[in-house]
Novice: 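First, the structure itself, so that you have it in front of you.
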Amino acid sequence: NVKVKRLSGDYLLFVCDNSYTFNMANPYKMRLQFEDGEVLILNGRITYSYPVSDNCIYCKYTFVNIPEATRDKLFRQIFRK
C-alpha cells in the first residue's frame, strides 16, 4: 500500500515505506481504488524516487501506454465534483 499525494493525467506521486525497492527499468502496474469504489489499473514506470525520512520514500510513477478509455476514467475521477 502506498499513499497517493498527487494524481494527474500523466503521473502520480506517492509515499511508501522504505522497505519497497523499485527497479526504474522495470514496468509496474499500479492499482488505484478511488473513494467511490472504482478501481483502475495503470501501467507505468517509477521515474524517480528519493528518501524523505529514515523510513519512507517519495516516488513519481509515470503512466505508460494507458488506453484512452482508462485515461478518460482517470480524468473523470480527477475532475469529479
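Values in this document were obtained by computation on a predicted structure and should not be read as measured data. Only this structure's heavy atoms are used, side chains among them; waters, hydrogens and symmetry mates stay out. Along the sequence shown, the residues carry numbers beginning at 1.
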Novice: Taking a hydrophobic cluster as the set of Ile, Leu, Val, Met, Phe, Trp and Tyr residues connected by side-chain heavy atoms closer than 4.5 Å, whether directly or through intermediates, do Ile66 and Phe79 fall within one such cluster?
Specialist: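 Same cluster: Ile66 reaches Phe79 through Ile, Leu, Val, Met, Phe, Trp or Tyr contacts under 4.5 Å.
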Novice: Measuring from atom CD of Glu38 to atom CG of Leu74, what distance do you get when rounded to the nearest 0.5 angstrom?
Specialist: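 Reported to 0.5 Å precision, the distance equals 9.0 Å.
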Novice: Are any of the side-chain nitrogens in Arg80 or Glu35 under 4.0 Å away from the carboxylate oxygens of its partner?
Specialist: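 Glu35 and Arg80: salt-bridged.
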Novice: Using a 4.5 Å cut-off on heavy atoms from C-beta on, say whether the side chain of Asn23 contacts that of Tyr28.
Specialist: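 Result yes, sub-4.5 Å side-chain heavy-atom pair found.
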Novice: Answer whether the closest heavy-atom distance between the side chains of Val39 and Gln33 falls below 4.5 Å.
Specialist: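 Yes, close enough: below the 4.5 Å cut-off.
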Novice: Can you tell me how far CG of Leu7 sits from CD1 of Ile78, rounded to the nearest 0.5 angstrom?
Specialist: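 Ile78 CD1 to Leu7 CG: 4.0 Å, rounded to 0.5 Å.
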Novice: Can you get from Tyr48 to Val52 by hopping between Ile, Leu, Val, Met, Phe, Trp and Tyr side chains that sit under 4.5 Å apart?
Specialist: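 Yes; Val52 is reachable from Tyr48 via cluster members.
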Novice: Nearest 0.5 angstrom please: Lys73 NZ to Leu32 CG, how far?
Specialist: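 The distance works out to 13.0 Å.
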Novice: Establish whether Val4 and Phe34 are linked, either directly or via other cluster members, by ILVMFWY side-chain heavy-atom contacts under 4.5 Å.
Specialist: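 They do share one cluster, since a chain of ILVMFWY contacts under 4.5 Å joins Val4 to Phe34.
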Novice: Can you see which heavy atom on Ile57 is nearest to which on Pro51, and at what distance?
Specialist: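 That closest heavy-atom pairing would be CG2-CA, 3.9 Å.
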Novice: For the residue pair Ser19 and Asp17, confirm or rule out a side-chain donor-acceptor distance under 3.5 Å.
Specialist: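 On atom types as modelled, these side chains qualify, holding a pair under 3.5 Å.
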Novice: Calculate, to the nearest 0.5 Å, the distance between atoms OG1 and CG belonging to Thr62 and Leu13 respectively.
Specialist: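 If we round to the nearest 0.5 Å, Thr62:OG1 and Leu13:CG are 8.5 Å apart.
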Novice: Given side chains that start at C-beta, do those of Arg71 and Asp10 come closer than 4.5 Å, heavy atoms only?
Specialist: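 Contact flag for Arg71/Asp10 side chains = yes.
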Novice: Do Leu12 and Val15 belong to the same hydrophobic cluster, where Ile, Leu, Val, Met, Phe, Trp and Tyr are linked whenever their side-chain heavy atoms lie under 4.5 Å apart, directly or via other members?
Specialist: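 Different hydrophobic clusters.
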Novice: I want to check something: taking the side chain as every heavy atom from C-beta on, are Tyr20 and Ile46 in contact at a cut-off of under 4.5 Å?
Specialist: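 When only atoms from C-beta onward are counted, Ile46 and Tyr20 do not touch, as no gap falls below 4.5 Å.
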Novice: Could you please spell out the steps behind the side chain to side chain contact (heavy atoms under 4.5 Å, CB included) verdict for Phe63 and Thr70?
Specialist: CA-CA 11 Å; Phe63 306 137; Thr70 301; over 6 Å; no
Novice: Tell me if the CG atom of Asp36 is crowded by more than 12 foreign heavy atoms within 6.0 Å.
Specialist: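 Counting other residues, nucleotides and ligands, CG of Asp36 exceeds 12 neighbours.
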Novice: So, for Arg45 and Asn26, which heavy atoms are closest and what is the spacing to 0.1 Å?
Specialist: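 Closest approach of Arg45 to Asn26, heavy atoms only: NH1-C, 3.3 Å.
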Novice: In Å, rounded to the nearest 0.5 Å, how long is the span from CZ of Phe22 to OG of Ser49?
Specialist: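 Result: 7.5 Å between the selected atoms.
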Novice: Going hydrophobic residue to hydrophobic residue with side-chain gaps under 4.5 angstrom, can you get from Val64 over to Met24?
Specialist: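 No, because Val64 and Met24 fall into different hydrophobic clusters, even though each may have its own neighbours under 4.5 Å.
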Novice: As an exercise, state the distance from OH of Tyr11 to OH of Tyr61, rounded to the nearest 0.5 Å.
Specialist: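 Spacing of OH (Tyr11) from OH (Tyr61) equals 15.0 Å.
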